[in-house]
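To start, the structure itself, in structure tokens.
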Amino acid sequence: MDWLNNVTSSLLSKDLDGLWVRQKEISNNLSNLETPGYKSRTVSFEDQLQSLMSNSDKTDMEQINEINKVQPRTTISDDLSMRLDGNNVDVEKENIELARTQINYWYSLRTLSDYFARLKTAIDSKA
């Protein structure tokens with residue numbers, strides 16, 4: 001078994017990648033708050049990862065390869081604008097999403113770090 005390249009570490013790594021893309025788009029949305037006609041963008045990737053994990057009849061290597069192929073999808077929001085200039089960025093919504101994304105990123109990073117710490121402990125105890 002490859003302890004460094006497995007489903008758990010691949011999944012967490014892809015989660016961190018997707019959360020980073022989401023945080024970047026939220027920052028772009030907030031920085032374009034005053035840009036006339038700007039439409040906010042959202043990022044989705046969790047649904048792709050969830051559907052991969054629900055199909056458990058594949059080998060670990062097949063799952064890892066599929067996880068590595070997942071790319072975050074950025075979509076332009078079609079929400080109606082409350083402003084006359086057509087900009088539909090909602091500051092409160094973006095700030096909530098930014099906080100949620102930061103918490104999820106921290107949690108995933110901590111989980112991955114804990115996984116490697118446990119692995120290190122197991123290796124050290126064998127030496």
Side-chain angles (χ1 to χ4, degrees):
M1 176 178 220
D2 185 357
W3 296 100
L4 298 176
N5 189 22
N6 59 35
V7 174
T8 301
S9 62
S10 296
L11 192 60
L12 287 168
S13 179
K14 189 54 76 169
D15 185 47
L16 289 169
D17 291 345
L19 291 168
W20 179 80
V21 171
R22 179 176 290 145
Q23 188 165 353
K24 189 175 97 176
E25 287 301 330
I26 292 169
S27 295
N28 284 338
N29 289 343
L30 290 171
S31 66
N32 283 293
L33 178 63
E34 298 297 326
T35 304
Y38 180 83
K39 300 296 182 192
S40 63
R41 289 156 174 75
T42 57
V43 174
S44 65
F45 62 93
E46 293 95 345
D47 53 342
Q48 297 173 63
L49 293 176
Q50 236 174 6
S51 68
L52 289 177
M53 293 297 95
S54 65
N55 190 359
S56 62
D57 60 342
K58 296 186 178 177
T59 67
D60 284 354
M61 281 311 295
E62 289 173 334
Q63 282 185 322
I64 290 169
N65 289 335
E66 287 187 1
I67 289 168
N68 290 334
K69 291 177 186 175
V70 169
Q71 295 298 318
R73 288 187 223 145
T74 302
T75 55
I76 298 174
S77 174
D78 58 356
D79 292 344
L80 296 176
S81 175
M82 300 289 259
R83 296 172 36 178
L84 293 176
D85 67 359
N87 185 313
N88 70 349
V89 175
D90 181 349
V91 176
E92 289 180 17
K93 178 182 152 200
E94 297 297 331
N95 282 326
I96 290 169
E97 278 301 306
L98 183 60
R100 186 178 73 81
T101 300
Q102 289 171 336
I103 291 168
N104 285 345
Y105 191 90
W106 178 85
Y107 180 77
S108 294
L109 189 61
R110 180 61 188 226
T111 303
L112 189 60
S113 176
D114 288 348
Y115 170 77
F116 286 117
R118 286 189 302 275
L119 186 59
K120 181 183 180 307
T121 300
I123 292 169
D124 288 346
S125 69
K126 297 286 183 179

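Since this is a predicted model, take the numbers as computed values, not measurements. In this chain, residues are counted from 1 in sequence order.
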**Q.** Pairwise salt bridge (Lys or Arg N to Asp or Glu O under 4.0 Å) hits with a residue in residues 35-48, at least two apart
**A.**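 For residues 35-48, and leaving out neighbouring residues, the salt bridge (Lys or Arg N to Asp or Glu O under 4.0 Å) pairs sorted by first residue read Arg22-Glu46.
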(Q) According to salt bridge (Lys or Arg N to Asp or Glu O under 4.0 Å), does anything in residues 72-88 pair up with another residue at least two apart or in another chain? List the pairs. (A)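 As it turns out, the salt bridge (Lys or Arg N to Asp or Glu O under 4.0 Å) pairs with a partner in residues 72-88, which skip direct neighbours, are Asp79-Lys93, Arg83-Asp85.
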Who pairs with [X] by side-chain hydrogen bond (donor to acceptor under 3.5 Å, both in side chains), at least two apart in sequence or on another chain?
| X | result |
| --- | --- |
| Glu66 | Lys58 |
| Ser108 | Asp15 |
| Thr35 | Asn32 |

Q. Which residues satisfy the salt bridge (charged side-chain N to carboxylate O under 4.0 Å, His left out) test with Glu25, sequence neighbours excluded?
A.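 Listed in chain order: nothing, the list is empty.
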Testing the basics here: between [X] and [Y], what is the closest heavy-atom pair and its distance to 0.1 Å?
| X | Y | value |
| --- | --- | --- |
| Ser10 | Ile67 | O-CG2, 3.6 Å |
| Ala122 | Ser125 | O-OG, 2.9 Å |
| Val70 | Phe45 | CG1-O, 4.5 Å |
| Val43 | Gly18 | CG1-O, 4.2 Å |

(Q) I want to check something: taking the side chain as every heavy atom from C-beta on, are Thr75 and Ser44 in contact at a cut-off of under 4.5 Å? (A)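 With C-beta onward as the side chain, the pair stays apart.
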(Q) Is there a side-chain contact between Val89 and Glu34 in this structure, where contact means two heavy atoms from C-beta onward sitting under 4.5 Å apart? (A)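 No, every pair of side-chain atoms sits at 4.5 Å or beyond.
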**Q.** side chain to side chain contact (heavy atoms under 4.5 Å, CB included) between Asn88 and Ser77, intermediate numbers included
**A.** CA-CA 8 Å; Asn88 70 349; Ser77 174; 3.6 Å; yes
Enter the distance from [X]:[atom1] to [Y]:[atom2] here, rounded to the nearest 0.5 Å.
| X | Y | atom1 | atom2 | value |
| --- | --- | --- | --- | --- |
| Ser113 | Arg118 | OG | CZ | 9.5 Å |
| Glu94 | Leu30 | CD | CG | 5.5 Å |
| Leu19 | Lys24 | CG | NZ | 14.0 Å |
| Ser13 | Asn68 | OG | CG | 7.5 Å |
| Ile64 | Leu52 | CD1 | CG | 12.0 Å |
| Tyr38 | Leu33 | OH | CG | 10.5 Å |

Q) Between the side chain of Asn87 and the main-chain N/O of Ser81, is any donor-acceptor distance below 3.5 Å? A)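 No, Asn87 side chain to Ser81 backbone: no donor-acceptor pair under 3.5 Å.
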Q) Would a distance-only check, ignoring hydrogens and angles, find a side-chain to backbone donor-acceptor pair under 3.5 Å from Ser31 to Ser27? A)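 Confirmed, Ser31 side chain pairs with Ser27 backbone.
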Q | Polar contact flag, side-chain donor to acceptor under 3.5 angstrom, Asn104-Thr101 | A |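 Asn104 vs Thr101: no donor-acceptor pair found between side chains.
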Single-linkage hydrophobic cluster, 4.5 Å side-chain cutoff, [X] and [Y] together:
| X | Y | value |
| --- | --- | --- |
| Trp20 | Leu12 | yes |
| Ile103 | Leu16 | no |
| Leu119 | Val7 | yes |
| Ile26 | Leu109 | no |
| Ile96 | Trp106 | no |

Q: Dump the intermediate steps for side-chain hydrogen bond (donor to acceptor under 3.5 Å, both in side chains) on Ser9 and Asn6, then the final yes or no.
A: CA-CA 6 Å; Ser9 62; Asn6 59 35; 3.0 Å; yes
Q | Trace of the side chain to side chain contact (heavy atoms under 4.5 Å, CB included) decision for Lys14 with Leu11 | A | CA-CA 5 Å; Lys14 189 54 76 169; Leu11 192 60; 5.7 Å; no
Q. Side chain to side chain contact (heavy atoms under 4.5 Å, CB included) between Thr59 and Gln63: does it pass, once the steps are laid out?
A. CA-CA 6 Å; Thr59 67; Gln63 282 185 322; over 6 Å; no
Q: Under the side chain to side chain contact (heavy atoms under 4.5 Å, CB included) rule, what do Thr111 and Thr8 come out as? Steps first, then yes or no, please.
A: CA-CA 10 Å; Thr111 303; Thr8 301; over 6 Å; no
